[in-house]
Engineer: 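There's a structure below that I have some questions on.
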Amino acid sequence: MSDMAIAEEACLGQGKAPAVPQSRLAVALIELALAVGSFGIGTGEFAIMGLLPNVAQEFHVTTPQAGYAISAYALGVVVGAPIIAVLAAKLARQTLLLVLMAVFAVGNTVSAVAPSFESFVLLRFLTGLPHGAYFGVAALVAASLVPPNKRTQAVARVMMGLTVATLLGTPVATWFGQILTWRLAFGAVGFMGALTVLLIWLFLPKDKVQEGASPMRELGAFKRKQVWFTLAIGAVGFGGLFSVFSYIASTATEVARMPGSAVPVMMALFGSGMIVGNLVGAWFADRNLMATIGGVLACSAVVMTVLWLTAENPYMLSACVFLVGCSVAIGPALQTRLMDVAADAQTLAAALNHSAFNIANALGAWLGGLAIAAGYGFASTGWVGAALAVAGLGVFGLSLMSDQRSVRSSTSRA
């Protein structure tokens, strides 16, 4: 079967589960419930970055050692997404979402009372397990609620919670965690997880398991070249954003000579860019999916190159940080692309998208750190990010060529 045929088959199957509600209000309430979950996940994932010194102080470890908690969560995301998607193949989507958010809520709540550093790190790993599967299943549900030509925008509205968390949830949780206790931040995230469970139970109709669903069918995603290409685009091309974001505070204060008080402003600019990119990128993707993916990667390469060359100028750095945040537009687009190429292995492919993004997170931060350690300065994260975007474009090109070969092969056989 050609990739074009796979895409058509996937689109036709979007509405099978859950049943599509008839009213706009019902759709809006479901999207709200799912977005609250993504807001909680985003807040829980990023708030700890500003609370590492507090965690380190309480557990009597160094700040770098406290960073193991971040790595443990990311590892949980990468490991949990494929395992849960395969093992839960025969669960209805509403049931799976309820279970995933319940685990997330309990994990954060117990993290807030962890008695030792070792137990805290273990709990962060366990809490990360449902992350990717939740986003994947939530994206599938959102796409099933709207016509095929509006799928990416529906996915973007669910992921809006994640981008709003970067702008509002994370700073607020960090602030309260610093002035009171870091444990309060995780308790609040646990509450948001519990609230999401309630909202999903109230607003998302009970659906039926798709006919023929099984772990083996989900594993079939690994047999499809375009699934691997799409995951690689995210894992490599999206790494540039994290290369810049991971060191933006130091870039602002040490390269652009901005005061420390400007760092929250830079974070707000980044978060604002994510919100704009998420919405605008989804609108473009619903009109031309592949052109949007390629365009975002190309624009990212240009913006990050400009950042590298002009980072000493506070105004240029601010503009570039906003535009780097906009590159999150590729997220919903890749999510939709995976729906198109995964055929009947929708859940696994959709969940793996967030494993790929966490690989991008680790890769971008690591390579950016290597460039800084080599003496190239904090501005060098710009050219590292540009190189990753160009590499992502290379994978994107290979994906297009493979698609064209498949089409030609199908045409010649016909």
Engineer: Within the distance-only criterion (no hydrogens, no angle test), does the side chain of Thr381 pair as donor or acceptor with the backbone N or O of Phe378 below 3.5 angstrom?
Structural biologist: yes

Engineer: Return the minimal non-hydrogen interatomic distance between Ala235 and Ile359, and the atom names on each side.
Structural biologist: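 Result for this residue pair: CB-CG2, 4.0 Å.
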
Engineer: For the pair Thr292 (side chain) and Ala285 (backbone), establish whether a donor and an acceptor sit closer than 3.5 Å, ignoring hydrogens and angles.
Structural biologist: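 Judged by distance alone, yes, a pair lies under 3.5 Å.
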
Engineer: Okay, side chain of Asn361, backbone of Phe357: is any donor-acceptor separation there less than 3.5 Å?
Structural biologist: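 Between the backbone of Phe357 and the side chain of Asn361 there is no qualifying donor-acceptor contact (under 3.5 Å).
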
Engineer: With distance as the sole test, does Arg151 use its side chain to make a donor-acceptor pair with the main-chain N or O of Ala139 at under 3.5 Å?
Structural biologist: no

Engineer: Sub-3.5 Å donor-acceptor pair from the side chain of Thr310 to the main-chain atoms of Asn313, do we have one?
Structural biologist: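 Looks like no, no N/O pair under 3.5 Å.
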
Engineer: Quick one: are Met266 and Ser318 in side-chain contact, heavy atoms under 4.5 Å?
Structural biologist: yes

Engineer: Looking at Met290 and Phe396, what are the two nearest heavy atoms and their distance?
Structural biologist: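 For Met290 versus Phe396, the nearest heavy atoms are O-CZ, 3.1 Å.
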
Engineer: Is there a side-chain contact between Trp228 and Lys225 in this structure, where contact means two heavy atoms from C-beta onward sitting under 4.5 Å apart?
Structural biologist: no

Engineer: Starting at CD of Gln335, measure out to CG of Leu140 and round the result to the nearest 0.5 Å.
Structural biologist: 7.0 Å

Engineer: Just grab all the salt bridge (charged side-chain N to carboxylate O under 4.0 Å, His left out) pairs involving residues 272-281, residues at least two apart or on different chains.
Structural biologist: none

Engineer: Can a donor-acceptor pair be found, under 3.5 Å and without considering hydrogens, that links the side chain of Ser402 to the backbone of Ser399?
Structural biologist: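 Checking the backbone N and O of Ser399 against the side chain of Ser402, no donor-acceptor pair under 3.5 Å is found.
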
Engineer: Would you give the length of the straight line joining atom OG of Ser243 to atom CG of Leu363, rounded to the nearest 0.5 angstrom?
Structural biologist: 9.0 Å

Engineer: Could you tell me whether the side chain of Leu98 reaches within less than 4.5 Å of the side chain of Gln94, counting heavy atoms only?
Structural biologist: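 A side-chain contact under 4.5 Å exists here.
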
Engineer: Got a sec: does the CZ of Phe117 have more than 12 other heavy atoms crowding it under 6.0 Å?
Structural biologist: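 It does: Phe117 CZ has more than 12 such atoms within range.
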
Engineer: Any side-chain to backbone donor/acceptor pair from Asn278 onto Ala156? Under 3.5 Å, distance only.
Structural biologist: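 Confirmed, Asn278 side chain pairs with Ala156 backbone.
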
Engineer: Can you confirm whether Met339 sits close enough to Val155 that some side-chain heavy atom of one is under 4.5 Å from a side-chain heavy atom of the other?
Structural biologist: yes

Engineer: More than 12 heavy atoms of other residues, nucleotides or ligands under 6.0 Å from CZ of Phe284: is that the case?
Structural biologist: no

Engineer: In Å and rounded to the nearest 0.5 Å, what is the CD1 to CZ distance from Ile30 to Arg157?
Structural biologist: 12.0 Å

Engineer: Taking the side chain as everything from C-beta on, heavy atoms only, tell me whether Val276 gets closer than 4.5 Å to Phe322.
Structural biologist: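 A side-chain contact exists here, since the closest heavy-atom pair is under 4.5 Å.
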
Engineer: May I ask you to test the Phe120-Val55 pair for a side-chain heavy-atom distance under 4.5 Å?
Structural biologist: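 Counting from C-beta outward, Phe120 and Val55 do come under 4.5 Å.
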
Engineer: Among Leu352, Leu231, Leu348, find the residue that satisfies the side-chain contact (heavy atoms from CB on, under 4.5 Å) test when tested with Leu338.
Structural biologist: Leu231

Engineer: What's the verdict on side chain to side chain contact (heavy atoms under 4.5 Å, CB included) for Val390 and Met304, showing C-alpha distance, side-chain angles and the deciding distance?
Structural biologist: CA-CA 11 Å; Val390 170; Met304 291 182 197; over 6 Å; no

Engineer: Quick check: closest heavy atoms across Ala33 and Thr196, and the distance to 0.1 Å?
Structural biologist: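 Distance-wise, the nearest heavy atoms are O-CG2, 3.6 Å.
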
Engineer: Would you check if there is a donor-acceptor pair between the side chains of Asn108 and Thr127 at a distance under 3.5 Å?
Structural biologist: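 No, no side-chain donor-acceptor pair sits under 3.5 Å.
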
Engineer: Test your reading of the model: is there a side-chain donor-acceptor pair from Ser38 to the backbone of Ala35, 3.5 Å cut-off?
Structural biologist: yes

Engineer: Should the heavy atoms of other residues, nucleotides or ligands under 6.0 Å from CH2 of Trp308 be counted, would the total exceed 12?
Structural biologist: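 Result for CH2/Trp308: open.
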
Engineer: Keeping Thr95 on the side-chain end and Leu91 on the backbone end, is there a donor-acceptor pair under 3.5 Å?
Structural biologist: no

Engineer: Show the numbers, then the answer: is there a ring-ring contact (aromatic ring centres under 6.0 Å, His included) between Phe104 and Tyr134?
Structural biologist: CA-CA 10 Å; Phe104 177 79; Tyr134 174 82; 8.1 Å; no

Engineer: Tell me whether the centres of the aromatic rings in Phe59 and Trp182 are closer together than 6.0 Å.
Structural biologist: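 Ring-ring flag for Phe59/Trp182: true, centres closer than 6.0 Å.
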
Engineer: Determine whether Val395 and Phe229 satisfy the following criterion, side chain to side chain contact (heavy atoms under 4.5 Å, CB included), listing intermediate values before the conclusion.
Structural biologist: CA-CA 7 Å; Val395 179; Phe229 277 131; 4.1 Å; yes

Engineer: Using salt bridge (Lys or Arg N to Asp or Glu O under 4.0 Å) as the criterion, list what pairs up with Glu312, not counting sequence neighbours.
Structural biologist: none

Engineer: Side chains of Val197 and Leu97: does their closest heavy-atom pair fall under 4.5 Å?
Structural biologist: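 No, every pair of side-chain atoms sits at 4.5 Å or beyond.
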
Engineer: Closest heavy-atom contact between Ala154 and Val146?
Structural biologist: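 For Ala154 versus Val146, the nearest heavy atoms are CB-CG2, 3.8 Å.
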
Engineer: What I'd like to find out is whether the side chain of Trp283 reaches to under 4.5 Å of the side chain of Val280, using heavy atoms alone.
Structural biologist: no

Engineer: Kindly compute the distance separating CG (Asn149) from CG (Leu289), expressed to the nearest 0.5 Å.
Structural biologist: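 One finds 12.5 Å between CG of Asn149 and CG of Leu289.
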
Engineer: How far apart are the closest heavy atoms of Ala85 and Ala351, and which atoms are they?
Structural biologist: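 Smallest interatomic distance, heavy atoms only, reads CB-CB, 4.2 Å.
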
Engineer: Can a donor-acceptor pair be found, under 3.5 Å and without considering hydrogens, that links the side chain of Ser300 to the backbone of Val296?
Structural biologist: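 Confirmed, Ser300 side chain pairs with Val296 backbone.
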
Engineer: Looking at CZ of Arg24 and CD of Glu31, how far apart are the two atoms once the value is rounded to the nearest 0.5 Å?
Structural biologist: 12.0 Å

Engineer: Test Tyr68 against Arg124 for side chain to side chain contact (heavy atoms under 4.5 Å, CB included), laying out the working first.
Structural biologist: CA-CA 9 Å; Tyr68 295 158; Arg124 296 318 297 158; over 6 Å; no

Engineer: Check step by step if side chain to side chain contact (heavy atoms under 4.5 Å, CB included) holds for Thr181 and Leu184.
Structural biologist: CA-CA 6 Å; Thr181 170; Leu184 178 64; 4.0 Å; yes

Engineer: First locate atom OH of Tyr73, then atom NE2 of His131, and finally report the distance between them rounded to the nearest 0.5 Å.
Structural biologist: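 Between Tyr73 OH and His131 NE2, I get 5.0 Å after rounding to 0.5 Å.
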
Engineer: Compare every heavy atom of Val384 with every heavy atom of Gly368, then report the nearest pair and how far apart it is.
Structural biologist: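 Reported closest heavy-atom pair: N-CG1, 4.0 Å.
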
